[in-house]
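The chains referred to below are lettered A, B, ... by the order of the sequence lines, with proteins before strands, and numbering in each begins at 1.
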Amino acid sequence: MINLTINGIPMSVEEGTTILEAARTADIRIPTLCYLKDRNQIASCRMCVVEVAGRSNLVASCNTPVEEGMEVTTDNDRIFRARKTALDLIMAKHGLETIAPCFSCNKNGACELQDLCREFGLEKSSFYVKKDPEPVLDSNPFLSYNPNLCIACQRCVGACNNGAHNHILQMKREGLKTIVDAPFGEYWKFTTCESCGNCAEACPTGALTLKRRKEYREWEVEKVLTTCPHCAVGCQYYLVVKDGKIVNAEAADGPANHGLTCVKGRSASFDFVNSPQRLTTPLIKNKETGQFEKATWDEALDLVASKFLELKEKYGPDSLAGFACARSTNEDIYMFQKMVRTCFGTNNTDNCARVCHSSTVSGLAITLGSGAMTNTIEDITRDSDVIMLVGSNPEEAHPVIGMQIREAVEKGTKLIVVDPRDTQLTQKADIHLKLRPGTNVAFANGMMHIILEEGLEDKAFIESRTENFEALREMVKSYTPERVGEICHVDPDRLREAARMYAKAKAAPICYCLGVTEHSTGTEGVMSLSNLAMLCGKLGRPGCGVNPIRGQNNVQGACDMGAQPSDFPGYQKVANPDVIAKFEKAWGVKLNTKEGLKATDCFPAMLEGKIKGLFIFGEDPIRTDPDTHHVEKALKSLDFLVMDELFLTETAKYADVVLPGRSYAEKEGTFSNTERRVQRVRKAVTIKGDTRLDTDIFIDLMNRMGYPQPHMTAAEIMDEVASVTPSFAGISHKRLDSEEVAGRGLQWPCTGTDHPGTPILHVGKFSRGLGLFQPSEYRDPAEMPDEEYPLILMTGRILYHYNACAMTDKTPGLNEIANSSFIEINQKDASEKGIRDGDRVKVSSRRGELTTTARVSDKTYPGECWMPFHFQDGNANLLTNAALDNISRAPEYKVCAIKVQKA
Amino acid sequence: MSKIMITSPKNTNTQLKSFLEKFERRIQATPPGICPIVLQISLLEECRSQTCTKCVPCRDGIPQLVEILKKIGQCQGTRDDLEQARTLAELIRDTSDCAIGYDAGAMVLEGMETFREEYEMHLNYSRCNFDIKQSVPCETMCPAHVNVPGYIALVEEGRYGDAVNMVRKDNPFPTACALICEHPCEEKCRRTIIDSPINIRGIKKFAVDQAHADQVPCPQANPSTGRKVAVIGAGPSGLTCAYFLALMGHHVDVYEEKSKPGGMLRYGIPAYRFPRERLDEDISAILSVGNIEIKCNTPVGAQQMSRFMEEYDGIYVAIGAHTEKKLRIDNVDAGNVISAVNILREIGDGNYPDFTDKNVVIVGGGNVAMDCARTSVRCGAKSVSIVYRRRKEDMTALPEEIESAVAEGVELITLQAPIGVETDEQGNCRALLVQPQMIGPVKGGRPAPVNANKPQEKIQADVILLAVGQDVVCQPFEEFGMKTERNCFKATPYLEAEGFDKLFVGGDCQTGPATVIKAVAAGKVAARNIDEYMGYHHKLNCGVETPLPKENDRTPKGRVNIAERPARVRKNDFKSVEIEMSLEEAIQECGRCLRCDHYGCGSMEGGRVTYD
C-alpha cells in the first residue's frame, strides 16, 4: 500500500493506483474530460491536473501513479486557471460557431463539455475559433461523426481499441491537425468496423453520436436498467425511453460486459418491441379458410384450455407437449413448465437448448455433476495464461466475450483455436487447429494421449478428485498424434504443441460452443473436453474450467427452470421419486413420473401420432430446427398447435391459436446468463394493443384447465422458484435489486439468502463428488460426404443477426449491413464448379435445396462449406441433418453432406 | 495468422533526415538583426508541427499561442494579448506531457523575459527595437566590422595587396587575424544556407601569404596635427589604436612593459601557430605609417599615469590580461608547478624550456591549455597530458585546436578535478592528485561536473602547467584612480574610462581575456573617439574600391579547409603548422561568397555595420 495525502487528507491506496482514482476513493472530485478508466488514460485534456508538492509542473492525475509520501493538491487558483485555460482551448476547437449553437446539438444536456463549461463559467472561447465547417460522416446506419464538434480527446479511439479491441478507430493526421479517422463516411461498408457504437457512447460531446439520439433530448427520457435479450453474455444496459417508446440503448457497467455492448445489443434490441408487425390480439385460425381471425382473450384461452383437455382426455397426458422459450424470463419459463406438468400432466417440456447446448447439460452433468459453465467470463479472460476455444467464434456469436478475449490476447494470454474455419480470432491465435468438422472427440483424445505420454497430467488432482482414470488412459492409448492428425486433418506436431501449451499453462480455460455440441457425438465431445480439463487439473479455480458459452440470453435459465423432460427446476430429476413427491407437495397435484420426450424426439413422435397437441412458447422451429421439411410435416400432423409469440413467425403460421405475449422490455423478471448469473430484466414500456404478460396467459390457462393457480407478480414467482429450487434458494428480485448485490446479479448455486452465489463451480469438490472420466471413442458424423454430396456443410451465426432474425430484422440498419443468405466455399471447390465469388449457387442435400450467394475464400478447407442460419431467403436448415446425439438428442447442425452448383 | 511488416528503410524519416540538415543549416544561418519575437514565432511554429496532438495544451495551445504572438509580432497586440499569451504559455509549460509541449511553453516564457525590451517596443511603440534590422552577416559579426565581402572579391581578382589594405581599413593586423583569428565572421555566413560557411580566415591567409603585410604599403598618414596621445600596452589593441591615430596625423607614444611589442600575440601565442616573423610583418607595417614611438621595457604605474594626464592630449590604456588566475589546490606552490602565462611569456622572449624526459601535466581546457600542451610536446616532453574537470565537449578551446593537440600526442584526461600536488623530498611536484568527476546538471548554460563516487587518483607529473585563466594587473591603475569591476577596468560604451575625460581604456583589460579581433575593434573605437575628443573628425580612406559583384554561384560545394603539416613532423619544431592554400582552392572558396554587401540587405540603407 502507498501512503499519500490529497488536500491534506491522509490515505492509503494500492500501488499502481492513479492520483485520480485515489482521490475518487475519498470522494474528492477532480474534473475529467478525456479520461475513460482502462480505456483512455492518455491524459490529453489536462482537465485533471493537480499539484504535487515538490514538482514544478502540474501533473495529470489520471495517468500519474501515486508515490509514497506524495502530497497532492486538487484545487487552488493555479490549478483552476490551468483547467479553465485548457477548457478554453478545447472550446475553441469544439467550433460551436462553425456548426450551430449548443441547443441544436443531439447531445445538448448530455454533453460533458457543456457541463464543464458551466462549472468553470466559460461561455465562449477567448481563443481563435475556426469558422469553415467540415463535412459530417454519416453513411453508417447507426453512427455519425461530426469532425467540427470533435475535441480530439480520443475517448472513442480508446473505446474501440482498448474496450471493443476492434482497432478500427485511429487518429489521422491532416497536416497540422489530427482528427479521428472515423469509418462512417461513404465507404463505411468496406471496413471491418462492427458498428458496436462503443465509440459513440464514449464520446463526451456531440461529435461521434448514435444517430438515434436525434429522436430525443436527454431531459425527455428515462433510462431503465435491464439485461440484453440476445446472446447469453448477459450485457447490462439501459433502455432509453421517451413517451413510452424505447428510443435508444446505453451500455451499463455490468459484471459480464464492463460497459460494452455489441451492435445487436445497442442497436437491435428494441426496434422490434414497437414494431408494427407485433401481434396485438389473439388469433384463431378459421379451419375452413385457413386464415387467422382476431379473437378475444376469453375465446382464445377457452379454446386452448378446452382443446388441450380434450386431447389429454382422448390420448392421455403424454400426447401433449410444451416447448418453452429460451428468450423469455426465468419466471415465464417456470410458470410455463409448471403449466405443462400440472395441467397437461406430462413431462414433455423442453426448450431450444435441446438443439444447441443440451449436449453440454447432459455431458457435464455426467462428468462433473452440473451442466453449466464452470467459471466466469471475467476470470477466464483476465486470470488465464492460455485460452483454448473449441468450436466457438465469440467475436460473432458472443461479441462482448469476443472483445474480452481479444483484450486478453493483446495483453499476452496465449490462444489456441480449434475450429474448421478461419475467423478473425484464428488470425490472432498462437495455434489454430483447423480440424475437420465433427472430429472433436478424436482431437480431445489425441490431446490427452500426448499429455499422458509426456507426463504432463496433474497426478495429484487425478488421484484426489477423479475416478475412472485408468479406463481413460487405456482408451486414449490408440489416439496417437499421427492417427488423430489423420482423422482431424491437422499436423501432429501442431497438436503436440497445443497439448503442451494447454497442459503446462498455470491457468487455462476451455471455452467451447456449438461447434462441439451440435453433433451426433456432441455429448461425447463435451465429456472429452471435460476429461481433458480434469486430466490437467484445470477445474475449480480461476482462469480455468470447462466453459460452454451459451447461445441465447436465457437458455441457461430455461434449463435451470426445468423446461426439460427429465428435470424439474434446478436439475431435480423426474426419475427421483423424492423429487416427484416434493413437487407434488409444493404444487398440490399428482405429477406424471415418466420422463418426457426431448423436443427433437417430439417431431418424430408427432409424425407417429404420439403427440397430438403442442404449445410452443416463442420458438420458431420451422426456421431454426434441422431439416425444415421434416419439421413442417411434423407440425402439420398435429391436432392442435398453440403459439405464444410476439410475431407471426414461420412456425406461428402453422398454429391453430396464436397468443400475443410480451417482450423482455415489457415485463419484470430475470435472465440467467452463460455464467449462471441471474440478472434482472425490468419493464421499460407497455405497447399498444391487447397483449398479455406471458405468465398471466399461462396462469389463466392453468385455471381454465382446472389448476387453481393464483395470479402472481414476477417477483412472487421467483420467490416460489426459490422455495422449490435449492440452487436458487437465495435468489429474489428484492435481493437482486439490493445494494448488497450492487447490480452484479447472483450466480447459482445460491443456496440461501446469505449465500453470495458461486462464481466458480467445483471448487474443492465436484458437484457429483468425484469427477468422472468418461472415455469416448471417436465416431464419424452421421452423414459423411460421398460422391453425390461431396461437400461438408457447417452452419453458424454472424455478428449482425440473431438466430431466426425475429428481433434483429426489425432494425433496418442491420438489414442494410446483412440481410441475405450466403455460403462460404473454398476456392478450389468453387473453381472446379466454375463458381466465382458473388455467383448465385444452388445448394442441395438429401433433405432439400436452396439458392444462395457464393462467397469464395480459403476460410474453410476444400471439401468444407459454411452457411449462416439466419436468413429465410436461403435457410440452411432446409439442408441440415436431424441426426441426433444419442444422449442429449441434439441435432447435427454442424455436419451434413451437400453439393453446390452454379444456379 | 496475422502478419507484420518490416519497417521499410526508405520511410519518410530517412527522407526527412537530409531535409532536416538543410533546416538546421537555415537556422544556423539566421541573419543577425532579426526580430526575436518573429524568431520565437517561427520556432513555435516548428513546435506546433512537432506536436503529436495528444495533449490539449500542446495540440491546441501552441497554435493559439502562435496566433497571439503573431498579433504581438505584427505590432498589433495589446497588453491583454501578452497576458493571455503568458497564461497560455504557462499552461503549456506546466501541463504538457512531453518536452515537445512543455519546452515550447518554457521557451516562450524565457523569450518574454530575455526579449522584454523588444516586447515593450512592440506593445508601446508598435515597432521593433531600433537595432532590429538586418545587415551583412560576416561584416556585422566581425567585432571590427571588416569589409569581408570586399576583400574576398579582391582576393578572387588576385588583388592581394588591395585585399590587405581593405582589411587594414578596419584592422591593422591582417596577418595576425589571417593566422589566428577565431573568425566570428563565419558564424552566420549566409553561404551556410547552401552548403557551409566561407573559409574567410583561409582566404585572408591566402591574401597575406601572397602579399606579406610589410610589403604592402599602408595608406598615407594625414598631415601632422601636433597632438600627442599615449597608448599603454603594445598589444593588438594598443597598436591598432596607435595605427589609426597615426593615420589621422596624431603623434603616438606606445609604452610597453615587455621587451618587444605584440602583447599576447607574442607572449601568449606560440610560434607554431603564429610565427614571430609574421607578427613582425604586421607590426612593421603599422610602424611604417610614422608618428608612432614604441617604448619597450617601460612599465607604467600610477605616477606615470598622473604625469601622462598632464603631458598628453589623450591616453588609451590597453594593458591586456597578463597575469595568471590562481588555482586553489593543495601544494600549488610546489616546485615545477608553473603558470601558463609565465611559461608562454618566457617563450615569447625566446627562452624555451627543456622538458626532455619529463611528464608534463597541463590543467585547463581552453586554447591556452592547448598552446601549453603543444608547446610542451615541442620542448621534448616524454608525455603530455591535459587534465580537465569537465568533458572534452565542454572544453572552451576551439575543436580544431583540441584535435591538433591530440594528433600531436597529447592525452586528454577528462572528468578529473585537480585537488592537490604531491611533492618529492625537494619540494618539487611528483604527481597531480585528482578527484574523478561525473557530469551533472546544466548551470549557467554549461553542464557542471560534480564529484563522482570514485576514489582519488594520482597522475604522475614532473611539470605541472596551470592554464586556468588570465587576469589583468589592475592595481597600479586603480592606485591612479581608475575604476574596476571584477578586476577589469570600467568604461562607457565609448571606451571612456569612468570618471576621466581624455582617458580611454579597451581590450582584454576592459573586457577580460578575449580575442585578438575584439582587441583590434576596441583599439579602432578608442582611436576614433580620442580623435573626436580632441575635436577632430578625421576620415580615413583605404584607397581601395570593392569590385563589382558577380552572379551568385548556387551550386553546393564543399568548404576548402586549411590543411596542416602532418602531426608527426610538425610536433618537432615551432614552425607554422598550417599549409598555404593553393590558388585554385582560394578561387573556389572566394567564388562561393554570396556577396551579401550587394545582394539582399547589404545594398539597403542601414544594411552595413561599420566603424567608419
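Rounding to the nearest 0.5 angstrom, the gap separating the OG1 atom in A:Thr178 from the NZ atom in B:Lys54 is 13.0 Å. If you take CZ on B:Arg59 and CD1 on A:Ile151, they are separated by 7.5 Å, rounding to the nearest 0.5 Å. Rounding to the nearest 0.5 angstrom, the gap separating the CG atom in A:Leu176 from the OG1 atom in B:Thr51 is 10.0 Å. Distance OH/A:Tyr128 to NZ/B:Lys71: 13.5 Å, rounded to 0.5 Å.
Within a 6.0 Å radius of CG in B:Asn124, other residues, nucleotides and ligands contribute more than 12 heavy atoms. B:Glu117 CD: 12 or fewer foreign heavy atoms inside a 6.0 Å radius. Applying the 6.0 Å contact sphere to CZ of B:Arg26 captures no more than 12 heavy atoms from other residues, nucleotides or ligands. More than 12 heavy atoms of other residues, nucleotides or ligands sit less than 6.0 Å from atom CZ of A:Phe80. Within a 6.0 Å radius of CD in A:Glu71, no more than 12 heavy atoms belonging to other residues, nucleotides or ligands are found. By the 6.0 Å contact criterion, CG on A:Asp493 is enclosed, its count of non-hydrogen atoms from other residues, nucleotides or ligands being greater than 12. Within 6.0 Å of the CE atom in B:Met438, the count of heavy atoms belonging to other residues, nucleotides or ligands does not exceed 12. Applying the 6.0 Å contact sphere to CD of B:Gln50 captures more than 12 heavy atoms from other residues, nucleotides or ligands.
In terms of heavy-atom pairs under 4.5 Å with chain B, the best-connected choice from A:Ala82, A:Cys45, A:Ser56, A:Ser44 is A:Ser44. When each of A:Ala92, A:Cys153, A:Ala152, A:Ala43 is scored by its heavy-atom pairs under 4.5 Å with chain B, the top score falls to A:Ala152. Among the candidates A:Gln154, A:Met171, A:Arg173, the residue making the largest number of heavy-atom pairs closer than 4.5 Å to chain B is A:Arg173. When the candidates B:Ile92, B:Val56, B:Leu88, B:Leu91 are compared by the number of heavy-atom contacts under 4.5 Å with chain A, B:Val56 comes out ahead. Considering only heavy-atom pairs separated by less than 4.5 Å from chain B, the leading option among A:Cys34, A:Ala60, A:Ser126 is A:Ser126.
The shortest distance between side-chain heavy atoms of B:Gln84 and A:Phe127 falls below 4.5 Å. Annotation: side chain of B:Gln64 is in contact with side chain of A:Leu89 (closest heavy-atom distance under 4.5 Å). Between A:Lys177 and B:Pro63, every side-chain heavy-atom pair lies at or beyond the 4.5 Å cut-off.
Residue contact with chain B, scored on non-hydrogen atoms closer than 4.5 Å, is absent for A:Arg55. When heavy atoms are compared at a cutoff of 4.5 Å, A:Leu33 does not approach chain B at all. For a residue to count as touching a neighbouring chain, one of its non-hydrogen atoms must lie under 4.5 Å from one of that chain's; by this rule B:Cys58 does not touch chain A. B:Ser96 touches chain A through its backbone: at least one of N, CA, C or O sits under 4.5 Å from a heavy atom, while the side chain does not. Residue contact with chain A, scored on non-hydrogen atoms closer than 4.5 Å, involves the side chain of B:Ile68 exclusively.
Across B:Asp97, B:Thr95, B:Asp94, a single residue satisfies side-chain hydrogen bond (donor to acceptor under 3.5 Å, both in side chains) together with A:Arg46, and that is B:Asp97.
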